[in-house]
Amino acid sequence: MKAYSIDLRERVIAACDAGQQTREVAKTFKVSPAWVRRLKQHRRERGDIVPRNGGGSRGRKFDRERLAALVREDPDATLVQLRDRLGVNVTTWSICKALRELQFTFKKSRSTPPSRTGRTSPNAAPSGK
């Protein structure tokens, strides 16, 4: 979402300073009354009306490429084992999210080929009496 322009902010503050009520100002400029209140609060607390910068993403605590290499070395390692091998203090959920971003799946390859004889019991076996 994009911030409202400085021009609009200045006009809204000017209308508020002229004595108009918050709801009137909001209706005039087609913005929400809550936004007008927050803009006035922002000016009162910070002394300006420039938009705040967005939060952005936080830095990463571990190397994604190293994680990928560890998974390629030992694809059956658990999330806890991968975390311990990385040597970082993070949750297993962050390891899981990183593996998703790297597009690693949980599906394991079969260790043996499927049986050639088929299923050992029929699908609709009669109940025993």
Side-chain angles (χ1 to χ4, degrees):
M1 187 171 154
K2 198 171 181 181
Y4 287 123
S5 69
I6 294 293
D7 177 55
L8 175 64
R9 290 167 179 264
E10 289 171 348
R11 289 184 287 145
V12 167
I13 288 295
C16 290
D17 290 343
Q20 286 187 357
Q21 294 294 318
T22 300
R23 287 185 183 193
E24 295 171 5
V25 173
K27 196 171 191 180
T28 303
F29 294 101
K30 296 181 177 151
V31 294
S32 74
W35 182 79
V36 175
R37 282 191 297 275
R38 283 193 306 268
L39 182 63
K40 291 188 322 188
Q41 179 184 5
H42 186 100
R43 181 179 70 165
R44 191 172 54 248
E45 291 175 356
R46 293 198 167 94
D48 61 12
I49 56 171
V50 296
R52 297 175 183 158
N53 55 357
S57 64
R58 296 190 289 177
R60 297 195 167 153
K61 292 187 176 183
F62 57 91
D63 184 20
R64 302 291 199 257
E65 294 304 316
R66 186 161 168 241
L67 176 62
L70 287 172
V71 171
R72 284 188 209 102
E73 282 177 24
D74 185 10
D76 292 328
T78 65
L79 296 174
V80 174
Q81 290 171 336
L82 291 171
R83 180 186 63 192
D84 293 344
R85 290 175 191 164
L86 284 170
V88 292
N89 185 20
V90 295
T91 63
T92 53
W93 173 241
S94 61
I95 301 290
C96 183
K97 279 177 38 178
L99 290 173
R100 281 189 194 166
E101 290 172 11
L102 293 168
Q103 298 180 343
F104 281 99
T105 62
F106 291 109
K107 189 171 185 176
K108 305 295 180 189
S109 59
R110 288 194 150 158
S111 58
T112 59
S115 171
R116 293 179 63 168
T117 60
R119 297 181 63 111
T120 56
S121 60
N123 284 341
S127 59
K129 287 193 176 181

Problem set entry | Where Pro75 and Arg72 come nearest, the two heavy atoms and their spacing | CD-O, 4.0 Å

Exercise. Got a second to check how far Ile95's CD1 is from Gln81's CD, nearest 0.5 Å?
Worked result: 12.0 Å

Exercise. What pairs with Gln103 under side chain to side chain contact (heavy atoms under 4.5 Å, CB included), at least two apart in sequence or on another chain?
Worked result: none

For this session: Return yes if some donor-acceptor pair links the side-chain N/O of Arg9 with the main-chain N/O of Tyr4 below 3.5 Å, else return no.
Result: yes

Problem set entry | Test side-chain hydrogen bond (donor to acceptor under 3.5 Å, both in side chains) applied to Asp48 - qualifying residues, sequence neighbours left out | His42

For this session: Quick one: name the residues clustered hydrophobically with Ile6, using the 4.5 Å side-chain heavy-atom rule over I, L, V, M, F, W, Y, and just say none if it's on its own.
Result: Val50

Would you tabulate the side-chain donor-acceptor contacts of residues 11-27 under 3.5 Å, counting partners in other chains and residues two or more places apart, or write 'none'?
unit_1: Arg11; atom_1: NE; unit_2: Asp7; atom_2: OD2; d: 3.3
unit_1: Arg11; atom_1: NH2; unit_2: Asp7; atom_2: OD2; d: 3.4
unit_1: Asp17; atom_1: OD1; unit_2: Arg43; atom_2: NH1; d: 3.3
unit_1: Asp17; atom_1: OD1; unit_2: Arg43; atom_2: NH2; d: 2.9
unit_1: Asp17; atom_1: OD2; unit_2: Arg43; atom_2: NH1; d: 2.9
unit_1: Thr22; atom_1: OG1; unit_2: Lys40; atom_2: NZ; d: 3.0
unit_1: Glu24; atom_1: OE1; unit_2: Gln21; atom_2: N; d: 3.4

Problem set entry | Where Thr92 and Leu79 come nearest, the two heavy atoms and their spacing | O-CD1, 3.9 Å

Exercise. Under a 4.5 Å cut-off applied to non-hydrogen side-chain atoms, are Leu99 and Cys96 in contact?
Worked result: no

Exercise. Taking C-beta and beyond as the side chain, do Leu8 and Val31 meet within less than 4.5 Å on heavy atoms?
Worked result: yes

For this session: Write out all pairs satisfying salt bridge (Lys or Arg N to Asp or Glu O under 4.0 Å) with one or both partners inside residues 78-92, taking only residues at least two apart or from two chains.
Result: Asp74-Arg85

Problem set entry | Atom pair CD (Glu10) and CG (Leu39), whose distance is rounded to the nearest 0.5 Å | 10.5 Å

For this session: Compare every heavy atom of Ser94 with every heavy atom of Thr91, then report the nearest pair and how far apart it is.
Result: O-OG, 2.7 Å

Exercise. What pair of heavy atoms forms the shortest contact from Leu86 to Leu67, and how long is it?
Worked result: CD1-CD1, 3.9 Å

For this session: Please list, chain by chain and in numerical order, all residues satisfying side-chain hydrogen bond (donor to acceptor under 3.5 Å, both in side chains) with Arg60, sequence neighbours excluded.
Result: Glu101

